[in-house]
Amino acid sequence: MSSEDCLGWAARDASGHLSPYKFNRRAVGDDDVHVKITHCGVCYADIVWTRNRFGDSKYPVVPGHEIAGIVSKVGSNVKRFNVGDHVGVGTYVNSCRDCEYCDDGLEHQCSQGAVFTFNGVDSDGTITKGGYSNFIVVHERYCFKIPKSYPLASAAPLLCAGITVYSPMIRHKMNEQPGKSLGVIGLGGLGHMAVKFGKAFGLNVTVFSTSISKKDEALNLLGADNFVISSDEDQMKALTKTLDFIIDTASGDHPFDPYMALLKTLGILVVVGAANEIKFSPVSLFFGLKTISGSSVGGTKDIQGMIDLCAEKKIYPKIEVIPIEYANEAIERKIMMNSEGGNEDCLGWAARDASGVLSPYKFSRKAVGNDDVYVKITHCGICYADVVSTRNSFGATNYPVVPGHEIAGIVTKVGSNVQRFNVGDHVGVGTYVNSCRDCQNCNAGLEIQCGKGRVFTYDSVDSDGTITKGGYSTFIVVHHRYCFMIPKSYPLASAAPLLCAGITVYSPMIRHNMNQPGKSLGVIGLGGLGHMAVKFGKAFGLDVTVFSTSISKKDEALNLLGADNFVVSSDQEQMSALAESLDFIIDTASGNHPFDPYMFLLKTCGVLVLVGAPSEIKLSPGSLIGGMRSISGSAAGGTKDTQEMIDLCAEKEIYPNIEVIPIEYANEAFERIINKDVKYRFVIDIENSLK
Ligand SMILES: [Zn+2]
Ligand SMILES: [Zn+2]
Ligand SMILES: [Zn+2]
Ligand SMILES: [Zn+2]
């Protein structure tokens with residue numbers, strides 16, 4: 001036994017934390033090569049075994065099986081290598097060298113079991129230690145020559161990520177049929193190599209991803225021919241029976257049938273990712289004689305073939321070279337990428353269950369795409385919808401839910417295609433953050449009514465398959481179309497409630513031409529929505545009557561908000577006195593109430609617009625027929641109306657009445673909203689309290 005002259009970094013327990021560790025390697029035997037390690041790739045397998053995910057980790061674990069380095073000693077029988085050669089070592093360092101698989105150069109399938117490069121039991125009984133170390137001693141058979149023209153740093157990831165996709169591509173002859181079509185699911189370490197090999201083989205490559213943020217990279221950096229968001233059923237359907245091969249590198253669970261449907265007759269799907277289970281309909285195989293096949297790494301023959309091809313065709317993995325001191329952080333980043341696709345650098349407050357209690361929560365947002373705006377959130381209004389959704393009142397909430405759709409803030413980054421906004425602009429984001437941008441309603445600026453369904457700002461499935469998260473958070477990334485300019489003269493705190501409460505009443509007022517001075521408007525209810533209806537009504541020169549169940553609001557309605565009349569809705573004399581006197585009514589009441597008494601207050605052809613949320617609407621047909629009256633609904637508003645409303649509020653100095661609170665007060669604010677104890681909108685001071 002030699003001295004402990006190998007220095008590595010090892011994990012000591014299931015925390016997976018890596019730190020320096022000295023250990024022995026065996027002396028160089030007659031068939032061995034001593035490799036001074038220059039580079040080692042970080043593979044997801046390193047995380048699996050340093051953190052004991054399979055319960056079979058033998059600590060201390062020195063991970064690393066994407067090894068590149070320089071031969072510094074060779075045993076007396078070694079013929080293939082000389083001192084000074086550049087070489088690689090992959091995922092296994094031993095096998096029986098005698099079975100039919102070993103004889104065929106398929107050592108990784110050895111019938112005695114191949115010995116893995118780390119955390120494996122070698123033939124001498126020792127536990128193998130991987131490439132996060134300064135040298136390794138290995139039988140020459142499991143060593144591969146790297147041409148000196150090929151950078152060692154780039155060679156490292158070929159030894160696992162590269163061969164894992166290359167090997168099945170060769171086995172299924174994807175390299176012999178230029179012009180055929182390949183689908184690649186997932187665009188991580190494996191997927192991006194599959195794209196590169198596919199292009200080198202002359203295939204037409206389509207990348208499938210859950211995230212639109214990878215599109216630019218797939219097409220322009222990696223050279224894929226097509227990019228498809230896997231959740232987009234139209235895009236998927238358009239590819240039915242068009243692909244010869246699919247390589248599935250996705251590590252998360254996902255359905256297989258939609259992909260099988262994309263294969264031509266005799267098509268093959270190869271699974272190299274690590275989903276927990278594979279479930280698909282037999283029909284997917286029967287009709288079309290299709291095959292689903294698995295693969296893991298590759299034999300020695302394929303590995304050498306792949307390295308030579310990469311050198312010849314100048315195929316290089318995309319890498320980020322780091323020092324060993326950064327390994328723990330790199331592993332954290334890799335875990336994050338695998339789970340959510342980015343860094344968890346957004347801090348929000350989320351409800352975890354139907355109790356609706358909000359508490360701090362870290363999560364990731366998508367990277368800023370070419371059409372996106374990154375908004376540092378300064379304020380977010382609290383809407384009744386936030387209470388409803390965090391308490392799962394409709395039974396459809398996806399927890400954790402980060403609420404908030406009355407967002408105001410400052411632009412801090414813009415994508416390359418964005419022309420409407422610059423860094424430093426004050427902007428708002430309202431109740432939706434995406435839509436098809438192509439249907440009749442979208443084209444008319446009525447994105448909220450998008451024919452394919454708009455994506456709500458929180459608790460909604462976005463086009464990339466992620467669940468949207470709202471404005472109780474430090475920043476948001478949003479397509480510029482769903483962002484609105486707030487003039488710098490207008491306070492951001494006051495702007496927030498305009499994005500839901502404001503537009504919800506403004507939009508139907510404009511649609512029903514209520515901006516005709518001298519006409520009369522009734523406003524039912526005097527909460528967040530109602531008080532804005534009064535303010536807009538007065539700005540339009542209307543005569544405004546407020547209907548409330550409580551006399552206690554009279555003074556405020558008349559003196560603070562400037563309404564012309566105040567009526568207690570239960571007072572039948574007051575109500576009768578107003579018969580057929582109103583041109584319009586906006587009903588913002590959220591509780592159940594009778595409609596007929598209000599319909600009779602409308603003049604002939606009068607309109608009642610419902611923006612509140614009673615559980616049912618019941619009225620006598622006579623209420624509509626007699627005076628040709630209408631009742632009409634409305635929800636939020638399109639982008640055109642929203643921008644106009646904000647501009648009007650700035651010009652006419654219309655400000656919602658708000659109570660600014662710190663995020664720590666949000667739970668209490670929810671209680672007060674339920675108890676109707678708010679004048680008239682809570683606005684969270686995100687900028688100063690969420691840190
Ligand atoms: Zn064998
Ligand atoms: Zn690996
Ligand atoms: Zn709202
Ligand atoms: Zn649309």
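Along the sequence shown, the residues carry numbers beginning at 1. Atoms within a ligand are numbered from 1 in the order they appear, just like the ligands themselves.
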Cys450 SG and Cys442 SG subtending at the Zn ion (ligand 4) (10° steps): 110°

Round to 10° and report the angle made at the Zn ion (ligand 3) by SG of Cys500 and SG of Cys383.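 That angle is 130°.
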
Among the N, O or S atoms that His405 has, which is closest to the Zn ion (ligand 3)?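 Distance check against the Zn ion (ligand 3) picks out NE2 in His405.
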
Is it true that Tyr316 and Tyr150 have ring centroids separated by less than 6.0 Å?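 Yes, the ring centres sit under 6.0 Å apart.
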
Is there side-chain contact between Leu499 and Thr642, with at least one heavy-atom pair below 4.5 Å?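 When only atoms from C-beta onward are counted, Thr642 and Leu499 do touch, with a gap below 4.5 Å.
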
Taking atom CZ of Phe135 as the centre, does the number of heavy atoms from other residues, nucleotides or ligands within less than 6.0 Å exceed 12? yes

How are the rings of Tyr458 and His405 set relative to one another: parallel (under 30°), tilted (30 to 60°) or perpendicular (over 60°)? tilted

